[in-house]
Amino acid sequence: MKLDELIDIGQHSMKHESPIVRRKSRQIMVGNVPVGGDAPIAVQSMTNTNTLDVNATVGQVRALEEAGADIVRVSVPSMDAAEAFGKIREQVSVPLVADIHFDHKIALRVAELGVDCLRINPGNIGREDRVSAVISAARDRNIPIRIGVNAGSLEKELQRKYGEPTADALVESAMRHIDILDRHDFQDFKVSLKASEVFMTVAAYRNLAAQIEQPLHLGITEAGGFRSGTVKSSIGLGMLLMDGIGDTIRVSLAADPVQEVKVGYDILKSLRLRSRGINFIACPSCSRQNFDVIQTMNDLEARLEDVNTAMDVAIIGCIVNGPGEAKVADIGLTGGSPKNLFYMAGKPNQKLDNANLTDDLERLIREEVARRKEEEDAIIARSGN
Ligand code: SF4
């Protein structure tokens with residue numbers, strides 16, 4: 001990226017708009033969620049319960065939906081799991097992707113039971129009649145397919161050809177599956193090309209993005225634990241998203257999948273590609289702080305997790321950076337002595353002392369959230385008349 005482009009991005013960021021120009025992809029529908037085109041970048045996660053345990057899986061799907069997941073993937077490794085998937089499907093409303101490897105009968109069964117997207121690689125299904133049967137079932141029911149290429153499970157032939165997983169090997173694998181769908185004139189698909197290595201993943205997506213028009217599902221696979229996986233995913237996905245590449249994302253973490261959804265939103269929020277809930281701005285604190293910034297920030301984040309309204313809240317320990325950040329945030333707090341200064345819409349609003357600071361801030365933020373909701377409801381009501 002050139003320096004003037006970077007400066008331009010910096011200027012846009014100050015205005016809180018994303019300067020990212022997204023790649024124009026063909027839109028597909030995963031249930032009622034559009035993926036690609038000008039649709040918001042969808043956030044996904046995957047259940048890690050035993051699919052045969054319908055109650056546990058329904059509970060986790062609902063928790064993911066509550067955290068903001070637009071789409072949830074569920075593993076369907078057997079025919080029994082396909083039947084369980086049908087029962088899960090009946091009990092949740094968020095679109096479900098069935099993750100299937102090799103077995104076309106499972107794909108046909110979940111298609112009957114109401115799946116919203118099939119994650120199956122056509123090249124792994126085997127005989128041509130089986131491939132045709134799956135594609136026909138998907139076409140008849142308007143079910144899109146996700147081709148999911150993973151560096152850990154590349155075809156033997158490609159492993160031999162390339163010696164080890166490479167970006168080109170990932171793309172070649174994807175193109176083989178895509179060619180099969182092309183041959184059947186089936187275009188409602190999206191593709192993922194995941195590796196646990198950031199450079200390989202980024203290079204593979206960049207390459208494929210220039211070759212096809214279908215939406216891309218981004219992810220750094222097996223990224224690691226909560227902290228290391230978050231960093232790796234943020235860098236890899238961030239580079240691609242900055243390029244305008246990516247229509248749906250999944251952050252893979254060896255952690256509670258609900259965290260994957262939260263990190264996914266945080267990545268999109270950082271790039272102003274999507275907003276959900278509070279975007280906190282907080283200083284790291286130092287001896288100049290006039291209140292306990294770290295404690296206040298973390299308490300507020302935990303207490304306000306249920307808030308979906310998009311809002312910038314700046315929690316800054318002193319006047320060095322406080323007024324500047326408060327001016328561009330929706331709500332701000334600047335540490336001061338003997339009292340801290342609370343800002344609304346960039347303007348000083350009232351003084352708050354350190355006793356009950358977190359309670360006071362939570363109350364004031366919730367009041368503003370409620371006010372905005374009322375305003376939104378009024379707009380919706382007016383537009384409905
Ligand atoms: S804003 Fe103030 S308290 Fe926070 S890190 Fe900077 S100087 Fe320290």
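One-based numbering, in listed order, for ligands and for the atoms of each. When reading the values below, keep in mind they use all heavy atoms of this one structure, side chains included, and skip hydrogens, waters and symmetry mates.
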Tell me, please, if C286 has any N/O/S atom, main chain or side chain, under 2.8 Å from atom 8 (Fe) of ligand 1? yes
Answer with side chain, backbone, both or neither: which part of C318 has a heavy atom less than 4.0 angstrom from an atom of ligand 1? both
Under 4.0 Å from ligand 1, counting heavy atoms only, is it the side chain of S287, its backbone, both or neither? neither
Check this for me: does any side-chain nitrogen of one of [X] and [Y] sit under 4.0 Å from a carboxylate oxygen of the other?
X: R109; Y: E83; value: yes
X: E197; Y: K232; value: no
X: D243; Y: R206; value: yes
X: R371; Y: E368; value: yes
X: D360; Y: K339; value: no

List the closest protein heavy-atom neighbour of [atom]: residue, atom name, distance to the nearest 0.1 Å.
atom: atom 6 (Fe) of ligand 1; answer: N321 ND2, 3.7 Å
atom: atom 4 (Fe) of ligand 1; answer: C283 SG, 2.4 Å
atom: atom 1 (S) of ligand 1; answer: I316 CG2, 3.5 Å

